[in-house]
There are 2 protein chains.
Amino acid sequence: MNKRDNDPLLDAEQDVRTRLAGMSLDMEASNAVNNIYRAAAAVRRRAEGGVLAPHNLSWGGLTILWVLWIWGEQSTARLADECDLSKGTLTGMVGTLESQGLVVRRKLDSDRRRVLVDLTDDGSKLIADLFPRFNAFEAEVLDGLTVAERIELARLLRMVIRNTEKMAER
Amino acid sequence: MNKRDNDPLLDAEQDVRTRLAGMSLDMEASNAVNNIYRAAAAVRRRAEGGVLAPHNLSWGGLTILWVLWIWGEQSTARLADECDLSKGTLTGMVGTLESQGLVVRRKLDSDRRRVLVDLTDDGSKLIADLFPRFNAFEAEVLDGLTVAERIELARLLRMVIRNTEKMAER
DNA sequence: ACAAACTAGTTTGGTACCAAATAATCTGAC
DNA sequence: GTCAGATTATTTGGTACCAAACTAGTTTGT
């Protein structure tokens, strides 16, 4: 036996399965979660080293610009929530983007605790120009997957996200 | 029209689609990539705040212990490769694990540039005890997905990983 | 034999990221 | 009207992570 198929990733999964045989582990779960993490790290690295590099944008930075572009000016708290980042992280990253002249902070008079963040003209131009190119990168990342497979992938991952949120509620 | 279905994630995707209608973007790709990243971040946060927290282990730290457990003592370079981390990051994290008494470094006499990393007895005990619990967490993360869906998810993500590797080769 | 090229690991300098503590402001109960 | 508790953003202290520069050790070509 010991079939090899020229896919090192799959071979590695098989090696692990053999190594841990008889330990009553859920190998399908292990492989799936592993691949979620590896795929995310790989895609992020490739984006930051490629399409985002000329603009000195991190993945998180792009996400912030994108959310502001789609939904407009909003508070730090909501922005953090939309971008799936902690408030503290967001404060720092908005600072970075502000120093790059891509976003502005605005203090609210009606509630002086609150701060609204919005795109500057430069930020607006950048995201409008960059997002289509970023999207082309995303499409390249999914090269070889049919539309149905892309939709299925997104659906399965939504289930994963929902499960982790459920775990937090307890 | 304007059907809502009690899934905020899906609603958000729909909002974006409406917002960007007519821009000739690949929304299936965008949603899929977005969800890869969000799922990975969510799973990681939940693991580090849950099953890994009592042991002060990061996701990367667990990965290192796991690789050493499965494949045994190995060089820094190979370990970095297996764990999908840069050599520099690995140096730091092996340092952390070493200070926790979970791994040891060993200098090779036959080639004095090389350093092998291996589990200590404590490290070995920890990963043998922890991995089944970590695996239970992984299974919980995939709750509601059939075995076929888990396998499909892993397969689609392997394609994504392979695509990003292809992009690097150019 | 020995300099040039190469290799393995570490260090450096920087951002991103989190949780928890803090500062500033607002609200409601009295 | 005031003050105790809630709420918003920021600061703090720490790890993780990367790319690029660096250090020490090894191989190769002549």
Side-chain angles (χ1 to χ4, degrees), chain A residues 37-38 40-50 52-65 74-81 83-100 102-117 164 168, chain B residues 37-38 40-50 52-65 74-81 83-100 103 105-117 164 168:
Chain A
Y37 193 76
R38 271 171 195 263
V43 169
R44 179 187 180 141
R45 265 197 301 272
R46 207 58 70 204
E48 291 184 346
L52 301 183
H55 307 285
N56 276 307
L57 278 180
S58 65
W59 184 281
L62 178 83
T63 306
I64 292 172
L65 296 184
Q74 57 197 280
S75 68
T76 296
R78 186 178 155 202
L79 191 51
D81 192 50
C83 296
D84 201 23
L85 294 168
S86 71
K87 283 180 304 171
T89 298
L90 201 94
T91 294
M93 292 180 58
V94 166
T96 301
L97 294 172
E98 201 171 28
S99 76
Q100 294 172 313
L102 301 173
V103 305
V104 274
R105 276 180 234 251
R106 184 164 72 87
K107 287 215 160 98
L108 255 190
D109 272 347
S110 60
D111 180 346
R112 303 180 40 70
R113 291 168 305 181
R114 301 188 66 206
V115 172
L116 298 186
V117 183
T164 61
Chain B
Y37 193 76
R38 271 173 196 262
V43 169
R44 179 187 179 140
R45 266 198 300 273
R46 207 59 69 204
E48 290 184 346
L52 301 182
H55 307 285
N56 277 308
L57 278 180
S58 65
W59 185 281
L62 178 82
T63 306
I64 292 172
L65 297 183
Q74 58 197 278
S75 69
T76 297
R78 184 177 157 204
L79 191 51
D81 192 50
C83 295
D84 200 24
L85 294 168
S86 71
K87 283 183 306 171
T89 297
L90 201 93
T91 294
M93 292 181 58
V94 166
T96 302
L97 293 172
E98 201 171 28
S99 76
Q100 293 171 313
V103 306
R105 277 181 234 251
R106 183 163 72 86
K107 287 213 161 100
L108 255 190
D109 271 346
S110 60
D111 182 345
R112 300 179 39 69
R113 292 169 305 182
R114 302 188 66 205
V115 172
L116 299 186
V117 183
T164 62

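Treat the numbers as computed from the prediction; the structure is a model and nothing was measured. Residue numbers start from 1 in every chain, and the chains themselves are labelled A, B, ... in the order their sequence lines are given, proteins ahead of strands.
- Other residues, nucleotides and ligands contribute at most 12 non-hydrogen atoms within 6.0 Å of the CZ atom of B:R112.
- Side-chain atoms of B:L97 and B:Q100, non-hydrogen and from C-beta on, do get closer than 4.5 Å to each other.
- Within the nucleic acid shown, B:R78 has no heavy atom closer than 4.0 Å to any nucleic acid atom.
- Read 5' to 3', the first and last nucleotides of DNA chain C with an atom closer than 4.0 Å to a heavy atom of chain A are C:dA16 to C:dC26.
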Exercise answer: donor-acceptor pairs, residues 102-109 of chain A side-chain atoms, under 3.5 Å, sequence neighbours excluded:
unit_1	atom_1	unit_2	atom_2	d
A:R105	NE	A:E98	OE1	3.0
A:R106	NE	A:E73	OE2	2.9
A:R106	NH2	A:E73	OE1	2.9
A:R106	NH2	A:E73	OE2	3.4

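- At a threshold of 4.5 Å between non-hydrogen side-chain atoms, the residues B:V94 and B:V115 do not count as touching.
- Spacing between atom CD1 of A:I64 and atom P of D:dA9 amounts to 14 Å, rounded to whole angstrom units.
- With rounding to whole Å, A:R106 atom CZ is found 16 Å from D:dT8 atom C1'.
- Within residues 87-97 of chain A, the residues having any heavy atom closer than 4.0 Å to DNA chain D are, in order of number, A:K87, A:G88, A:T91.
- DNA chain C is contacted by both A:R112 and B:R113; B:R113 maps to the nucleotide lying nearer its 5′ end (nearest heavy atom per residue).
- Screening B:I64, B:T96, B:L65, B:T63 for a side chain to side chain contact (heavy atoms under 4.5 Å, CB included) involving B:L57 leaves a single residue, B:L65.
- One interatomic measurement links the two molecules: CG of A:D111 to P of D:dA9, which rounds to 8 Å at whole-angstrom precision.
- Residues A:M93 and A:S58 have side chains in contact (heavy-atom distance under 4.5 Å, counting atoms from C-beta outward).
- When all heavy atoms of A:A42 and B:T164 are compared, the pair lying nearest together is CB-OG1, 3.5 Å.
- When rounded to the nearest whole Å, the span between CG of A:L79 and P of D:dT10 equals 11 Å.
- The residue among A:S110 and A:G61 whose nearest nucleotide of DNA chain C lies closer to the 5′ end is A:G61.
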